[in-house]
2 protein chains.
Amino acid sequence: MDDETADAPPEARKRGSYAKGIRRRQEILDRALEIFSERGYDGTSLRSIGEAIGVTHAALLHYFPSKEALLIEVLRERDARGTGFEEHMPFPALSHGAEYNATVPGLIALYTSMAGTSADAGNDEARAYFTERFAGLRAKIATALAEDAGEPVDSEHMKLASLIIGASDGLQIQWLLDDSVDIAGGLELLQRLIER
Amino acid sequence: MDDETADAPPEARKRGSYAKGIRRRQEILDRALEIFSERGYDGTSLRSIGEAIGVTHAALLHYFPSKEALLIEVLRERDARGTGFEEHMPFPALSHGAEYNATVPGLIALYTSMAGTSADAGNDEARAYFTERFAGLRAKIATALAEDAGEPVDSEHMKLASLIIGASDGLQIQWLLDDSVDIAGGLELLQRLIER
DNA sequence: GTCTATACAGGGATAGAC
DNA sequence: GTCTATCCCTGTATAGAC
């Protein structure tokens, strides 16, 4: 452990040259997220992403095992920035998340694309991400709903949770195709229906 | 469009060769729909679809201008068979449609995949299909809701309509990843919430 | 008109040089 | 650690056989 390399950020103290790779990987992730935010998720080939970042597509695959893995990491990065999307859990939080996301349609397009194809065979990274994401969200929302009502979690709360998540995702798809669709309004309406 | 031969019943044209083409096209569509129903929507290359049908991939492109166009036609075919999915319009019809669809997960996977990517640039066929589909469904459902309540259609009915459609689509995605998610149950729950 | 054969540009992925 | 070169597969376009 040579603690003389002083240029590394605090958390990158594990192994000398490994930390640099971690930092570079994060840079790539940040740039990729920017690109999707600005330019949208269109003809995203690894080569075009690489070009926009300033590396070859092979370099990207040095840090990420596949294109799919890179894209899922971008979604994870989005999650991490999403104004605590999953934090203040009384379910209406989803509409805050939706509002934030609506500022970056490119990221929504990336999300719905990956979600829609996540169940297809071969998309293992995406499948794992969305399976786990949905299961986690359902559990959190169902728990919050049950606590709100002072009841133990039952199947009705789970149904409600999947309904809320589904409505959020489905509305995003419609909004991408027709921005007169009101995502936040729809979710608030659902919230009002539930709070009775 | 050069229409030298005057108007005549499409069937009775020379040697019926045109009619045969139509029929062949329909055969291909039927086979494709079967394949997606049975084997799911996995590594669907035009070549593998063609192989399963018994033709080369080039033959498919003789009847359909692109792969995307073929897949969308399959979805249209599904619509046409969907137990009158959009007919008995009091919105709960969606849960009947969902129940039917649930018997063929491959077709749902095709649907969610195409829907999720329909807003991406370049997917013109899919974009047109889903834009029109969603707009049509919203209008129908909103009208039915308004009539049910004896009111004129307003923005609240439209919000409700997009919410119902979104819930249906979003629940399908979750169900593909985890079949413990109850699509019909979720939609019925939403229906109960609305009918008050 | 219907189809096969074939060519092509572009994609993701991999191997190995530096 | 990053690039070049390469591989195989994809969708698409064209030529021409029947």
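The basis for the numbers below is simple: all heavy atoms, side chains too, and nothing from hydrogens, waters or symmetry mates. Reminder, nothing fancy here: chain letters follow the sequence lines and each chain counts from 1.
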Self-check item: Atom-to-atom span, CG of A:Leu61 to C1' of D:dA5 - whole angstrom
Solution: 15 Å

Practice problem: Give a yes/no answer on whether the side chain of B:His62 brings an N or O atom under 4.0 Å of OP1 or OP2 in C:dT2. | Solution: yes

Quiz item: Could you state the CG-P distance from A:Leu71 to C:dG11, rounded to the nearest angstrom?
Solution: 14 Å

Quiz item: Using a cut-off of 4.0 Å on non-hydrogen atoms, how would the nucleic acid contact of A:Leu46 be classed: base, sugar-phosphate, or nothing?
Solution: sugar-phosphate

Practice problem: Compute whether any side-chain donor of one residue and acceptor of the other, for B:Asp178 and B:Gln174, lie under 3.5 angstrom apart. | Solution: no

Exercise. Please state how far atom CZ in A:Arg25 lies from atom P in D:dG1, giving the value in whole angstrom units.
Key: 14 Å

Exercise. Give a yes or no on whether a donor-acceptor pair under 3.5 Å exists between the nucleobase atoms of D:dT12, that is its base, and the side chain of B:His57.
Key: yes

Quiz item: Under a 4.0 Å N-O cut-off, is there an ion pair linking B:Glu27 with B:Arg23?
Solution: no

Quiz item: For the pair made of CD in B:Glu68 and C1' in D:dT12, what is the distance, rounded to whole Å?
Solution: 13 Å

Quiz item: Could you give the CD-to-C1' distance, from B:Glu27 to C:dT2, as a whole number of Å?
Solution: 13 Å

Self-check item: Residue closer to the 5' end of DNA chain D, A:Ala59 versus A:Arg47 (nearest nucleotide)
Solution: A:Ala59

Quiz item: In whole angstroms, how far is the P atom of D:dG11 from the CD1 atom of B:Ile49?
Solution: 8 Å

Quiz item: Between A:Glu77 and A:Arg81, is there a salt bridge with N-O shorter than 4.0 Å?
Solution: yes

Quiz prompt | Shared hydrophobic cluster, B:Ile194 / A:Leu187 (ILVMFWY, side-chain heavy atoms < 4.5 Å) | solution = yes

Quiz item: Can A:Arg76 and A:Glu125 be counted as an ion pair, charged N to O under 4.0 angstrom?
Solution: no

Quiz prompt | B:Ser45 side chain, from C-beta outward: closest of D:dG11, C:dA5, C:dG11 | solution = D:dG11

Exercise. Whole angstrom is fine here: how far is it from CZ in A:Phe64 over to P in C:dG12?
Key: 15 Å

Quiz item: A:Leu60 has an atom CG; how far is it from atom C1' of D:dC3, in whole Å?
Solution: 12 Å

Self-check item: Closest nucleotide among C:dT6, C:dT4, C:dG12 to the A:Lys67 side chain
Solution: C:dG12

